[in-house]
Amino acid sequence: MTDKETSKKPARKKAAPKSGAKKPAVKKRAAKAKGASKGLPGIGRRIWSISWKLGLILFVGVLSYGIYLDQVIARKFEGQKWHLPAQVFSRSMALYPGAAVSHSQLIAELKLLGYRKVANPRQVGEFSASKTRVDLWRRPFLHPQGTQAEQRVMVTFDQQGVSSVARNTDNRQLAVFHLEPVLLDRIITGDGEDRLFVPATKMPQSIIDSLILVEDRSFYEHHGVNPFAIIRAALVNISAGRTVQGGSTLTQQLAKNFFLSSERSLVRKIREALMAIIIDFRYEKDEILEAYLNEVYMGQDKARGVHGMGLASQFYFGRPIAELTLPQQAFLVAVIKGPSYYNPWRYPERAASRRDLVLRLLMEDGKLNVQQYTAAVESPLGLRSADKPVHQKLPAFFAVVQHELNRRFGDSLLKQSGIKVYTTLDPMAQEAAEKAVKKTMARLGKNDKTLQVGMVVTDKYSAGIAAMVGDKVPSYKGYNRAVEIRRPIGSLIKPFVYATALNQPAKYTLATPLKDQPITLNNGQGKTWSPKNVDKKFRGEVPLLTAFKRSINVPTVNLGMEMGVSSVATTLDKSGWRDKISEYPSMLLGAVNGSPLMVAQVYQTIADNGRYRRLSSVTAVLDMENNPLPVARVEQGQALNPSATYLVQYAMTQVVKSGTASRLGKAFPYVTLAGKTGTSNDSRDSWFAGFDERNVAAIWVGRDDNGKTGLYGSSGAMAVYQDFLGTRPPISLRRPLISGVVNGHFDKTTGVAKEAGCENSIALPALEASYHPARNCGEPLSWWQKLTGG
């Protein structure tokens, strides 16, 4: 066979593997490769299926969470954004012709309200003054009787007080003109946050401009979150190695302040961003800005957080935000970055530097020119005095206010948001009372540190409580001696004994002789009582007026027993004494327990010509919408005969002029004052009650353990009143004759009515109906007088 043939032979076939034999490895690998190529599309489909399902779940979750956040935000924004603390205001000073307000007192009130004294008022919140006039431009404010617009007036004074009030624009005389009340305090009942809401429309534009420049320049362009600001802040912080810049928008800051904590975490930042987007989507930019301006944290006032620009203006500068200067407005924006770090009282240079930065940004943005910028940075911060309290510490008065609110409106009133309570407190009277208490008690306490005091001052015209002090430390919150004590009032009861008698003019006049002779009485408990005079002497007889002004005991008891103890008790009860009166003879010398508030109530009736009006501390309450809450009228009525009360008032002026309170008269020789001293047994309680044309005051000085003080009414309680008038100069009582009263003349010895000019006679007011003077001075008529009838 040739080689050619051999090459053409078919190749020999390999034998097929037997059953059960192993396949070659090459085939196994090929099979695996083939199977893998077939499985790739299945895994991808599985991954895709899982991914879109997870994405859907995540989308639904985010959507659901967004809906939840949307509801949370809507409840806050469309409901009550804040619980606004109840605002408590003082009385609103009323100026009208004849008002008992002096020139100096009006100026002091204006300064307290934060008015600026200038040469010529050019805007609200300013005033100028001469010796007899005050030209003032009043702020607009909310009065219980309605909104009062800004107004410029000229107030003129004479020796009696206000003589006229006229508008500057047309010189029209005004019947009455009110100043805005002083905001005494805000009652915090919730989270300790304090704020004073100011609508965005009343916020100075320069504050808004500064805020946007400093905190969020793209506020009106972004949609709640600014990614570029976040990236820029991140790069700056990475470069600095610490946090030096934030990327949050105003909307994010609002979301954090409103709904979130200050925790630094990624979860909180994501939630903050989501809420900011929702807020921006749902609400107008101006509404977001208004919320921010009233929510932003601005500082700490002891336990209270100061929130919002409106309250910050009062906290830092003591005046409304509309009256701040441009540098002051810039400071409010500056302090947002760190209220503690830029505390202007602790770090004034640091605070001024931050303020100047804000002013520079305003200049660079064209909001200020160079001259305005230079003047602004050179101006001082203009802070309120650090020792001037933001909140009045009036524990005694506020306790009475809360009690009256509970009684008249229910105990849930102060829990409502935005309540405005208008009270009767006179800030100037309160300041004078506190100064008098501190000064006098420091002097008296040198010999007895256990001495305490309670004092109530009322407004004679309104029957409102003008001032109250319940402790020798007026700011002490605790036992309120002005209201809670019950101590014997001593001789303070005597005016009511004499008022009862003088209401019987046929029997008693100011000149009627009274017995000053020993007397022994049964006290109703099987024991006898023999009253004594302080000097242990008996005079036989003394004129009624002398017995009154010298506070002689025995003639007073004899007079009271002639009329009946029950009659005197009735007079006291009609005058407003609301506690039970034990009708024993010792009651005639003051064995009746009372408080300064109770004494002030009955002496207010005497000062008001016998008209009883229940003393009050609250004049009106407005709800959040500024609608007045309905309230029952204050109890009032004519309790005592005005003519007889006029005689009692006259007798009280003689107490000051030449009686037991003559030291007070010498201190104010050209002022007519009325007063009465009182001392309980063993000089345990020192009392004084008195009044000028404007205020009635009742004061107690004693010891809580009822120990002896060694003080009389004139040396203890009256000293407090004298110091009170030293700070708050009195206005002389106006005492024109009233209907039913005439100027009479009486024999000094017998008390018989005589004609003017008769020998041994004295001029005294008398009731016209019973004044019948003896003709010819009581001498027999001559034949010619009988013939001519004269």
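Bear in mind that the values here come from a model prediction, so they are computed numbers and not experimental data.
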Measuring from [X]:[atom1] to [Y]:[atom2], what's the distance to the nearest 0.5 Å?
X: L725; Y: N695; atom1: CG; atom2: CG; result: 9.0 Å
X: D535; Y: I552; atom1: CG; atom2: CD1; result: 7.5 Å
X: K460; Y: N609; atom1: NZ; atom2: CG; result: 7.0 Å
X: Q649; Y: F691; atom1: CD; atom2: CZ; result: 5.0 Å
X: T605; Y: Q638; atom1: OG1; atom2: CD; result: 9.5 Å
X: R703; Y: K708; atom1: CZ; atom2: NZ; result: 10.5 Å

Can you name the closest pair of heavy atoms from [X] and [Y] and give their distance?
X: T520; Y: S530; value: OG1-OG, 2.9 Å
X: A547; Y: L514; value: CB-CD1, 4.2 Å
X: L647; Y: A766; value: CD2-N, 4.0 Å
X: V456; Y: A482; value: CG2-CB, 3.8 Å
X: W687; Y: P488; value: NE1-O, 2.8 Å
X: Q604; Y: R613; value: NE2-NH2, 4.0 Å

Is there side-chain contact between [X] and [Y], with at least one heavy-atom pair below 4.5 Å?
X: V88; Y: T423; value: yes
X: W700; Y: D685; value: yes
X: F538; Y: N533; value: yes
X: K472; Y: Q452; value: yes
X: L559; Y: Y498; value: yes
X: S575; Y: I606; value: no
X: Y650; Y: L545; value: yes
X: D471; Y: R481; value: yes

Residues 709-717 side chain polar contacts: donor-acceptor under 3.5 Å, at least two apart:
residue : atom : partner : partner atom : Å
T709    : OG1  : S683    : O            : 2.6
T709    : OG1  : L711    : N            : 3.1
S715    : OG   : Y712    : N            : 2.8
S715    : OG   : Y712    : O            : 3.3

How far apart are the C-alpha atoms of S491 and K676, what are their side-chain angles, what is the distance that settles it, and do they pass the side-chain contact (heavy atoms from CB on, under 4.5 Å) test? CA-CA 8 Å; S491 294; K676 184 71 189 77; 3.6 Å; yes

Within the side chain of [X], is there an N or O that forms a donor-acceptor pair under 3.5 Å with the backbone of [Y]?
X: Q654; Y: T546; value: no
X: E434; Y: V469; value: no
X: Q430; Y: M468; value: yes
X: R694; Y: A100; value: yes
X: T424; Y: I465; value: yes
X: Y646; Y: L767; value: no
X: D459; Y: G464; value: no
X: Y96; Y: H178; value: no
X: E693; Y: R734; value: yes
X: S761; Y: C758; value: yes

Under the side chain to side chain contact (heavy atoms under 4.5 Å, CB included) test against M563, which residue among T571, V568, L588 passes? V568

Please test T509 against L764 for side-chain contact (heavy atoms from CB on, under 4.5 Å), starting from the C-alpha separation and ending with a verdict. CA-CA 9 Å; T509 69; L764 295 170; over 6 Å; no

Y603 ring center within less than 6.0 Å of F496 ring center: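 Yes, close enough.
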
What orientation do Y422 and F89 show, parallel under 30°, tilted 30 to 60°, or perpendicular over 60°?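 Parallel: the ring planes of Y422 and F89 meet at under 30°.
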
Working for side-chain hydrogen bond (donor to acceptor under 3.5 Å, both in side chains), residues S567 and T570: CA-CA 5 Å; S567 297; T570 298; over 6 Å; no

Taking OH in Y461 as the centre, count heavy atoms belonging to other residues, nucleotides or ligands within less than 6.0 Å. Is the count above 12? yes

More than 12 heavy atoms of other residues, nucleotides or ligands under 6.0 Å from CZ of R443: is that the case?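 It does: R443 CZ has more than 12 such atoms within range.
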
Could you go through the side-chain contact (heavy atoms from CB on, under 4.5 Å) check for R578 and D573 one step at a time? CA-CA 7 Å; R578 288 295 169 258; D573 180 73; 3.9 Å; yes

Less than 4.0 Å between a side-chain N and a carboxylate O, is that true for R728 and D426? yes

Carefully, step by step, assess D704 and T450 under the rule side-chain contact (heavy atoms from CB on, under 4.5 Å). CA-CA 8 Å; D704 289 339; T450 64; over 6 Å; no

Result block: side-chain N/O donor-acceptor pairs under 3.5 angstrom for residues 397-405, not counting sequence neighbours:
residue : atom : partner : partner atom : Å
E404    : OE1  : S617    : N            : 2.7
E404    : OE1  : S617    : OG           : 2.7
E404    : OE2  : R408    : NH1          : 2.4

Give me each pair satisfying salt bridge (Lys or Arg N to Asp or Glu O under 4.0 Å) with a member in residues 582-591, each pair once, sequence neighbours excluded. none

By side-chain hydrogen bond (donor to acceptor under 3.5 Å, both in side chains) - contacts of T440 (at least two apart):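 Partners of T440 by the side-chain hydrogen bond (donor to acceptor under 3.5 Å, both in side chains) criterion, ordered by chain and then number, come out as D723.
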
Show me the donor-acceptor pairs, under 3.5 Å and distance only, between side chains in residues 656-670 and residues at least two apart or in other chains.
residue : atom : partner : partner atom : Å
S658    : OG   : K549    : NZ           : 3.1
T660    : OG1  : T677    : OG1          : 2.8
S662    : OG   : G659    : O            : 3.3

Only distances under 3.5 Å count here; give the side-chain donor-acceptor pairs of residues 501-508 to other protein atoms, sequence neighbours excluded, each with its distance to 0.1 Å.
residue : atom : partner : partner atom : Å
N503    : OD1  : N641    : ND2          : 3.1
Y508    : OH   : E562    : OE1          : 2.6

